[in-house]
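Just so we're clear, the structure is a prediction, and the values are computed from it rather than from any experiment. The figures that follow rest on heavy atoms only: side chains count, while hydrogens, waters and symmetry mates do not. For the single chain, residues carry numbers from 1 onward in sequence order.
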Amino acid sequence: MAPISAIVYYDGDYTGDDCGENFESPNFVLLKFIARTTFEALISKIIRLVPSSNTKTLNTLYYRFQTSMVPVSYATMTIQSQEDVEAMVDTHRGNGADMCELYADFQLRSSSRSSYQDFPPSLSTPSFQQFEHGSSSTQPPRQSSANFRDMQIGQSSANLSMGRHSCAAAFDLNIQPYDNRHGFSGHTTFESDPTLTLGHEGYSSPEEPIQELGPDGSEIGLFTTPLDANADVDSDSTTDEDNAEQDQPRTSTWEQHHASTSRGHQPYEPPSHMYNVDMVAFDVPEFPEMPNLGFNASYVGLDDSELWIGMQFETIDQAKSAIKLYNIRKSVHSKVTRSTSEKYVCECTQRKEQGCNWKVRVSKKKRKQNIWELSVYNGPHTCCAVGHRQDHPNLDSTIISQTVQPIVQASPKVTVSTLMAHVKSVYQYEPEYKKTWRAKDKALKKLHGDWDASYNELPGWINIMQKYNPGTIAVLETKPYYKNDRVVADVRQFHRLFWTFPQCIHAFKNCKPIIQIDGTFLFGRYRHVLLLAVIQDGNRKTIPVAFALVPREDTDSCKFFLQNLRKHFFRHNTVCLISDRGSGFLSAIESLGSRFCSPKVEHRYCLRHIAANYHGRYKKDYERKLILRMGYELVPNKFEEMLHELNERNSDGYNYIAGIPKEKWTNAYDGGFRYGHMTTNLAEAINSSLKGIRNLPISAIVKATYFRLGKLFATLGKESFTLKDVGHIFHPRIQNEIQAIVVKSNGLYVLPMSRSDTIFRVSEIPRPLQGYDPTSYRVNLGDKWCDCGYFQALKSPCQHAIAACSNSRRDYKNLVDPVYFLHSVCKVYEMEFPAIGSETEWHGNQTWPTILPDPQIRRNKSGRPTSTRIHNAMDMPQRERTGQPKLCGHCRRAGHIITNCPSRRQH
């Protein structure tokens with residue numbers, strides 16, 4: 001694994017601007033660390049590199065990383081623990097930046113000889129608090145290699161004593177081992193406790209004798225017996241022997257020192273020149289003309305892509321990536337001359353043309369736990385780049401997939417063009433579209449699994465959902481798998497799947513009794529269709545409740561979906577089912593017969609599809625808009641007038657519309673089952689929101705529905721319960737709409753027409769100056785009915801009904817449908833989705849036959865599927881919604897079209 005290069009700024013400004021956080025400082029140092037470095041090793045290395053003269057204290061360490069490219073913005077995080085270091089390494093690898101940017105915030109101490117009481121009285125956690133470059137004790141500091149495990153938490157700050165030549169952190173003050181009484185180990189996880197302090201009451205650690213570095217690197221105490229050197233905190237990796245010794249009890253530096261002082265040795269007071277150590281000189285190479293390999297053969301240069309002999313990799317893929325990145329950074333090319341299970345050899349492509357002898361060989365070392373090691377390296381390149389290319393041969397789809405994987409994970413629907421721009425900003429090469437598309441496909445495969453293997457993962461994921469979320473409904477149908485016209489044993493072929501959750505079934509009981517159904521195509525490797533059912537709560541929030549993966553939207557597939565939908569959801573007295581007039585749903589409902597007929601089910605058509613079909617037949621835009629107004633009309637008399645107008649304009653169109661039952665597509669004759677929903681826009685909106693997962697494998701789609709619904713129920717439930725707890729009866733949006741209707745009811749003349757105060761005649765006040773003629777309406781509060789049609793269509797009182805309630809001293813809220821109240825909305829989300837554990841628990845022993853996809857629905861390997869729906873007559877143009885005139889396609893001006901454009905004639 002290649003080490004990470006970092007630049008550390010200090011003694012500057014840490015500011016913020018429009019692009020985010022910014023480090024401004026002329027002072028910086030460069031360092032190198034590996035990905036497995038510890039938090040203490042990183043801090044110690046920074047302390048040694050930054051010039052301090054023993055007068056500064058390190059308070060905070062910041063890490064800055066790029067969050068977006070357009071516009072360019074940055075964010076920062078504070079490095080306070082080992083978890084923060086690991087998060088920093090993962091973020092740096094995901095961004096693909098050349099350097100890791102850090103800022104060390106130092107503060108000057110008030111006195112170079114301050115006492116230990118100046119430090120914080122309690123350091124209860126191993127989080128980042130304060131780090132010192134040197135000592136400030138009355139006793140001369142000592143040179144210590146103590147790490148974080150050598151700290152002893154439990155002593156008071158008044159008894160702190162620092163050793164000599166100390167370059168340790170401020171919390172490395174009392175160096176004592178963790179013993180079994182405290183229950184600590186080498187990898188203990190600490191918890192914050194404000195009662196913990198440094199040291200026990202009434203105890204002070206014994207003074208440590210001065211130590212000198214011996215010729216073999218061990219610490220030799222003056223006037224004492226030699227001590228063995230412990231592992232340096234600056235070492236970024238451990239050997240196999242070190243790993244083996246971690247499980248054995250070891251003697252700490254403090255124990256060894258205590259053993260020496262207990263024998264009566266008195267510490268030596270050295271002169272100042274013996275403990276004023278130049279920390280920067282520690283990193284100066286002993287032989288500058290030789291390659292500096294640093295600790296554990298980790299290169300200490302500035303270029304992440306540099307190679308050296310002895311470089312180790314965990315897998316061959318990591319070795320290949322390192323070699324390719326080297327060539328990309330150096331703008332040179334290489335080719336593979338030998339690739340086996342034991343060796344991997346690359347040479348320069350200009351070996352014959354320009355005589356470049358660059359060569360790399362990586363071998364598998366079985367004696368080193370099968371680690372791949374770079375054994376031969378003839379470099380650097382001596383050739384010159386031949387010509388200028390926008391793309392690089394070694395920048396293949398594998399390297400690109402590693403670069404774009406964080407972006408694809410955050411947004412699976414990100415476009416290939418966006419990924420190409422990101423790769424160009426990282427490597428200064430513009431890859432081909434096809435190569436980037438393959439890289440995105442590889443990233444999706446690595447994140448969500450293979451398309452073919454995902455079919456076999458479905459039973460396991462279904463078992464996990466039913467285990468953690470009892471009541472989950474999943475109907476998986478398979479078919480026999482044939483190979484060479486013979487049935488293969490223990491292998492099944494995926495056919496279709498229906499699934500829903502108990503939270504969705506419970507939610508529908510407290511929502512509007514309407515279900516909108518629709519289908520959408522998937523963009524993956526196989527041509528599946530996702531059928532879904534959508535409902536709406538009283539707060540007008542859309543909820544997908546049932547899903548089905550079928551081969552195509554035909555009669556058999558729609559029948560399979562509707563049968564399972566009716567079995568689990570159609571338990572109300574009457575359910576309104578809204579769909580388009582596609583042949584699949586229509587023929588499926590007809591084949592189901594009485595099970596989908598009144599009074600159990602009221603089937604309605606989408607008005608938007610009817611208008612689009614009419615326009616496709618007759619190409620009359622005005623008549624299409626007339627049909628839309630007819631469908632939304634609430635009063636039957638006005639509907640008949642518009643129908644007569646259509647007959648006068650187009651008799652064939654009139655016959656086509658008259659052939660569709662009025663109650664199927666109009667508000668005037670609906671009977672109040674639709675709750676004002678005239679289209680399948682809810683399902684279309686869900687299709688748009690699911691676009692990001694429609695190009696994923698089917699097992700990932702099933703997982704996404706679970707987690708997205710879990711987040712949706714948590715968010716909407718929290719909002720609804722919060723409004724209910726503060727005293728709201730309706731959602732503020734619903735309340736504002738009702739309040740606007742109450743304002744309109746003022747000034748209406750109400751005439752009671754029954755002894756029970758249920759039937760009224762409500763008249764509007766004449767307004768001749770505004771051009772309004774007075775109109776009278778009949779209102780029946782007992783039947784929740786009004787001549788205007790609003791009351792029975794939306795299940796909420798209109799202005800005439802509210803005026804009648806005011807006259808009879810009734811509360812109009814009692815006439816509002818219960819689904820609009822907040823207590824009903826809270827019942828929708830009272831069942832929450834339980835959390836599911838780690839993904840490692842999902843893969844158990846397979847107890848089901850292997851499931852394979854249907855090869856007949858596999859897409860062609862050439863080309864890519866269309867991910868954007870082609871707009872047709874069903875889509876209302878934006879200019880119609882905004883009232884803008886139609887513009888010319890050539891000059892973009894109004895008043896003419898492209899065929900008679902004046903500017904086009906001039907050219």
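Within a 6.0 Å sphere centred on CZ of Arg438, heavy atoms belonging to other residues, nucleotides or ligands number 12 at most. Surrounding NZ of Lys445 are at most 12 heavy atoms belonging to other residues, nucleotides or ligands under 6.0 Å away. Residue-environment remark: OH (Tyr10) exceeds the threshold of 12 foreign heavy atoms within 6.0 Å. Within 6.0 Å of the CG atom in Asp490, the count of heavy atoms belonging to other residues, nucleotides or ligands does not exceed 12.
Taking both residues in full, the closest heavy atoms of Val332 and His392 are given as O-NE2, 2.8 Å, listed atom of the first, atom of the second, then distance. For Lys703 against Trp461, the heavy-atom pair with the smallest separation is CG-CE2, 3.5 Å. The two atoms that bring Pro849 and Asn456 nearest to each other are O-OD1, 3.8 Å, heavy atoms only. In terms of heavy atoms, Trp372 sits closest to Thr315 at CD1-C, 3.8 Å. Closest approach of Cys346 and Thr337 over heavy atoms only: N-OG1, 4.3 Å. When all heavy atoms are compared, the tightest approach of Asp452 to Pro853 is OD1-CG, 3.7 Å.
Between Asp391 and Lys435, at least one side-chain nitrogen of the basic residue sits less than 4.0 Å from a carboxylate oxygen of the acidic one, meeting the salt-bridge criterion. Glu347 and Lys335 are not joined by a salt bridge, as no carboxylate oxygen comes within less than 4.0 angstrom of a charged side-chain nitrogen. The pair Glu314-Arg36 meets the salt-bridge criterion, since a charged nitrogen lies less than 4.0 angstrom from a carboxylate oxygen. Ionic pairing of Lys364 and Glu342 is not present here: no N-O contact between side-chain nitrogen and carboxylate oxygen is shorter than 4.0 angstrom.
To the nearest 0.5 Å, atoms CG (Leu444) and CD (Gln405) are separated by 9.5 Å. Interatomic distance, Ser334 OG to Arg351 CZ, rounded to the nearest 0.5 Å: 12.5 Å. Here the straight-line distance linking atom OG1 of Thr60 with atom CD1 of Ile79 works out to 11.0 Å at 0.5 Å rounding.
Formation of a donor-acceptor pair under 3.5 Å by the Thr37 side chain with backbone atoms of Ile34 is not found in this model. Without hydrogens or angle criteria, Ser454 side chain to Trp451 main chain gives a donor-acceptor distance under 3.5 Å. In terms of modelled atom types and a separation under 3.5 Å, the side chain of Thr436 and the main chain of Glu432 share a donor-acceptor contact. Judged by distance alone, with hydrogens and angles left aside, the side-chain atoms of Lys440 form a donor-acceptor pair with the main-chain N or O of Val414 at under 3.5 Å. Judged by distance alone, the side chain of Gln82 and the main-chain N or O of Phe39 form a donor-acceptor pair under 3.5 Å. Side chain of Ser25 to main chain of Asn27: a donor-acceptor pair is present (N/O by atom type, distance under 3.5 Å, no hydrogens or angles).
Qualifying ring pair (Phe, Tyr, Trp, His ring centres under 6.0 Å) partners for Tyr526, counting only residues two or more places apart in sequence or in other chains: Tyr455. In this view, Lys442 and Ser397, Thr398 satisfy the side chain to side chain donor-acceptor pair (under 3.5 Å) rule, not counting sequence neighbours.
A donor atom on one side chain and an acceptor atom on the other are not found under 3.5 Å apart for Gln80 and Thr78. Using a 3.5 Å distance cut-off with no hydrogens or angles, the side chains of Tyr427 and Thr403 do pair a donor with an acceptor. Checked by atom type, the side-chain pair Lys32/Ser5 shows a donor-acceptor distance below 3.5 Å.
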Under the side chain to side chain contact (heavy atoms under 4.5 Å, CB included) rule, what do Glu430 and Val423 come out as? Steps first, then yes or no, please. CA-CA 7 Å; Glu430 185 175 358; Val423 174; over 6 Å; no
Taking it one step at a time, do Ser375 and Glu373 satisfy side-chain hydrogen bond (donor to acceptor under 3.5 Å, both in side chains)? CA-CA 6 Å; Ser375 57; Glu373 185 175 277; over 6 Å; no
After noting the C-alpha distance and the side-chain angles of Asp396 and Lys324, does the key distance pass the side chain to side chain contact (heavy atoms under 4.5 Å, CB included) rule? CA-CA 9 Å; Asp396 55 8; Lys324 292 175 183 178; 2.4 Å; yes
CA sep, side-chain torsions, deciding dist, call: Asp441, Arg525, salt bridge (Lys or Arg N to Asp or Glu O under 4.0 Å): CA-CA 10 Å; Asp441 187 69; Arg525 187 170 297 175; 3.7 Å; yes
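Side-chain contact between Tyr429 and Ser331 is present, with heavy atoms from C-beta onward closer than 4.5 Å. Here the side chains of Asp84 and Met77 are in contact, with some heavy-atom distance below 4.5 Å.
Ring geometry for Trp358 against His381 counts as parallel: the plane angle stays under 30°, on a 0 to 90° scale with 60° as the upper cut.
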